[in-house]
Amino acid sequence: MTSERVRVRFAPSPTGMLHVGNARTALYNWLFARRLGGDFLLRIEDTDVERSEPRYEKQLIEDLLWLGLDWDEGPGTGRPGDPLENERGRFGPYRQSERQQIYAELTGKLLAEGKAYRCFCTPEELMAEHQQAVREHKPQVYSGRCRNLSAAEAEQRMAAGLPFAVRLKIGPEPLGFHDIVRGPVEFAAETVSDPVLVRSEVRSGVPSHQQGAPGMPVYNYVVTIDDALMQITHVIRGDDHISNTPKQVAIYKAFGWPVPEFAHLSTILGADRERLSKRHGATSVASFREMGYLPEALVNYLALLGWGAEDGKTETFTLEELTRAFKLERVTPSPAVFDLDKLNWLNRHSIKLASASRLVDLVWASFGERLPAREAASEAVVAWMEQLVELFAPSVDKLDELAPKAAFVFGFDPDAARMLPENQEVLAADSARIVLAELADRARANSANVTPQVFKTWMNEIKVAAAVKGKELFHPVRIALTGMHSGPEFDRLVPLIEEGAELGLGIPCVQQRVERFVGV
RNA sequence: GGCGCUAUCGUCUAGGGGUUAGGACGUGAGAUUCUCAAUCUUAAAACACGGGUUCGAUUCCCGUUAGCGCUACCA
């Protein structure tokens, strides 16, 4: 086992948005494969025809690629130049809906070998057994009533048109497996039911919305077959599958296939310690992207949610660094609460490392009408935007905060600014009136561009003329220029405004701002 | 009810039979700045409980409690 090439898979159902829990599972699989030079496969579990939708598959693939996770086998590979219709790999198809033939043949084999049997029990009978078990405080397992039906009896019932499911015989020996994150796990045979492999064709008395497609093999059965046939060596998945695993182990054994290693990842919880769900707000990878989280930040955060660096100290990792550092053995078994604050911190970190030009592209659309279309923008405008981004980006957690924060650069409503309570307080001071009058004098007399030097000179002069300094001096001026009593330093803001005013985007220059605010 | 998984600061985690139980986020304080943010410094903050085993347990074992998962002919 140690000598063979490691093969892992990510097997999502295309029934909704890729959420962060699944994204972490995908990431851990990918990291494990890449570190060991193995294969990472993508398999689409679309057996639930009711809920599976092609658009979700498309979205899911997009999200995976955005995170920087590619795959060696599956629909395409996600690598540049490889179209997704172009399925790759020797073990396809990689969509379960296209593998029905395989499952059917294998079921016939199991039946023929007597390892599986036809179960004619009705839902009512099964329900009764279940209720009795609960009443007697016993494990609820199927009694196995149909297990020893004679061949003749079974034939007769089939001939009578009675619907049947196919069940696997569970032997008397305990069903154990090895879990890389939890160690050995064992289930007593008495606690595991003969699992249904294939649903019956007809199900009366069961509401149709609760019913899987008739005659279709069930999830536990098909994952096992797929994993075995695709020669998966390590099954890394969410811990909600732990209880399913003994059944799957029994299936491997029935076919005589080697049982892989397992690694069950703990659940991601919300702040209320309940399983993270839509109820907790944004949980999909797509929504994080929309809010302006960078993929490297999400990846970094997800890696840290359930895993820690060997040195116990390092917190920031690139994907490449993770590939080198990540060890499945170090993954924690306990559930982890998703902490937006830490994600934000990591995102801020990533934003600081990101190039201005990349950030400009990411942020462009959020400026809406204020900017021309990205493709139509002149180089001067792009260069100026880079300057703007460099000024504002270090102070935001998420990129979607940037445009609102920088909006005032494009102009603001002086009257609305005067009405703000914090501003009113500042402007009410006598000194503020003097400062603004002095500022207006200078702005009026000014004919050239206001350079930071000129601006600094003004401020020094006003300081003397109005006999104020510090807050009393700067705050009124800041409000006149930006509409706000806080913001970036003037040394960088003034040139941004003056250069922006030259761009033909309707951005008021310093002089116009003063005139509009104070009046001429 | 049954079966299973889990348990170190508020959160993510490191550690491990003898430690001042380490780091990070967040929080408090200070520095800096016209201001906010950023940044730097600094502080507070944890081994769920009860039994064993042991010279010694937070660490190993058992139990309790709590949380979560599964308990479907869902995936």
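Here is the naming used below: chain letters follow the sequence lines, and residue numbers restart at 1 for every chain.
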My understanding is that only residues two or more places apart in sequence, or in another chain, count here; which of them pass side chain to side chain donor-acceptor pair (under 3.5 Å) with A:E422? none

Name all residues meeting the side chain to side chain donor-acceptor pair (under 3.5 Å) criterion together with A:R433; count only those two or more places apart in sequence or in a different chain, and write none if there are none. A:D430

Can you check whether A:F338 and A:H19 have ring centres sitting under 6.0 Å from each other? no

Near-ring test A:H234/A:F32, centroid separation under 6.0 angstrom: yes

Have a look at [X] and say if it touches a base, only the backbone sugar-phosphate, or nothing, with a 4.0 Å heavy-atom cut-off.
{"X": "A:A336", "result": "sugar-phosphate"}
{"X": "A:G306", "result": "sugar-phosphate"}
{"X": "A:K313", "result": "sugar-phosphate"}
{"X": "A:E45", "result": "sugar-phosphate"}
{"X": "A:R237", "result": "nothing"}

Using a cut-off of 6.0 Å, state whether more than 12 heavy atoms not belonging to A:K471 lie near its atom NZ. no

Please measure how far the [atom1] atom in [N] lies from the corresponding atom in [M], and state the result in whole Å.
{"N": "B:rG67", "M": "B:rC61", "atom1": "C1'", "answer": "23 Å"}
{"N": "B:rG2", "M": "B:rU64", "atom1": "P", "answer": "11 Å"}
{"N": "B:rA66", "M": "B:rA48", "atom1": "C1'", "answer": "8 Å"}
{"N": "B:rA38", "M": "B:rG26", "atom1": "P", "answer": "8 Å"}
{"N": "B:rG23", "M": "B:rA31", "atom1": "P", "answer": "24 Å"}
{"N": "B:rU6", "M": "B:rU39", "atom1": "P", "answer": "37 Å"}
{"N": "B:rG30", "M": "B:rG15", "atom1": "C1'", "answer": "32 Å"}
{"N": "B:rU59", "M": "B:rG4", "atom1": "P", "answer": "23 Å"}

Specify the separation, in whole Å, of atom [atom1] of [X] and atom [atom2] of [N].
{"X": "A:D341", "N": "B:rC25", "atom1": "CG", "atom2": "C1'", "value": "7 Å"}
{"X": "A:E186", "N": "B:rC3", "atom1": "CD", "atom2": "P", "value": "15 Å"}
{"X": "A:Y221", "N": "B:rC73", "atom1": "OH", "atom2": "C1'", "value": "14 Å"}
{"X": "A:I268", "N": "B:rC12", "atom1": "CD1", "atom2": "C1'", "value": "11 Å"}
{"X": "A:L304", "N": "B:rU13", "atom1": "CG", "atom2": "C1'", "value": "8 Å"}
{"X": "A:E315", "N": "B:rG26", "atom1": "CD", "atom2": "P", "value": "11 Å"}

Assess, by modelled atom type and distance only, whether the side chains of A:N244 and A:Y219 contain a donor and an acceptor separated by less than 3.5 Å. no

Do we get A:R478 above A:F490's six-membered ring, with its NZ or CZ under 6.0 Å from the centre and within 45° of the axis? yes

Within 45 degrees of the axis of the six-membered ring of A:F164 and under 6.0 Å from its centre: does A:R118 put its NZ or CZ there? yes

Classify the angle between the aromatic ring planes of A:F392 and A:F408 as parallel (below 30°), tilted (30 to 60°) or perpendicular (above 60°). perpendicular

In Watson-Crick or G-U wobble terms, both distances under 3.5 Å, what is the partner of [N]?
{"N": "B:rG30", "answer": "B:rC40"}
{"N": "B:rC25", "answer": "B:rG10"}
{"N": "B:rG4", "answer": "B:rC68"}

Taking the nucleotide of RNA chain B with the nearest heavy atom to each, does A:A133 or A:W307 sit closer to the 5' end? A:A133

The residue, A:T15 or A:P333, whose nearest nucleotide of RNA chain B is more 5′ is A:P333

Which nucleotide in the set B:rA75, B:rA14, B:rC73 lies at the smallest distance from any side-chain heavy atom of A:T332? B:rA14

Quick note, A:R182 side chain, CB onward, closest among B:rC12, B:rC5, B:rA7 is B:rC5

Heavy atoms under 4.0 Å is the rule here; annotate nucleotides 30-40 of chain B 5' to 3' with B where the base is hit, S where only the sugar-phosphate is, and - elsewhere. ----BBBSSS-

Each nucleotide in nucleotides 66-71 of chain B should get exactly one letter: B, S or -. Can you fill that in based on protein heavy atoms under 4.0 Å? --SBSB

With sequence neighbours excluded, residues passing ring pair (Phe, Tyr, Trp, His ring centres under 6.0 Å) with A:F317: A:W307

Per the salt bridge (charged side-chain N to carboxylate O under 4.0 Å, His left out) rule, what does the pair list look like for residues 338-347 of chain A, sequence neighbours excluded? A:E315-A:K342

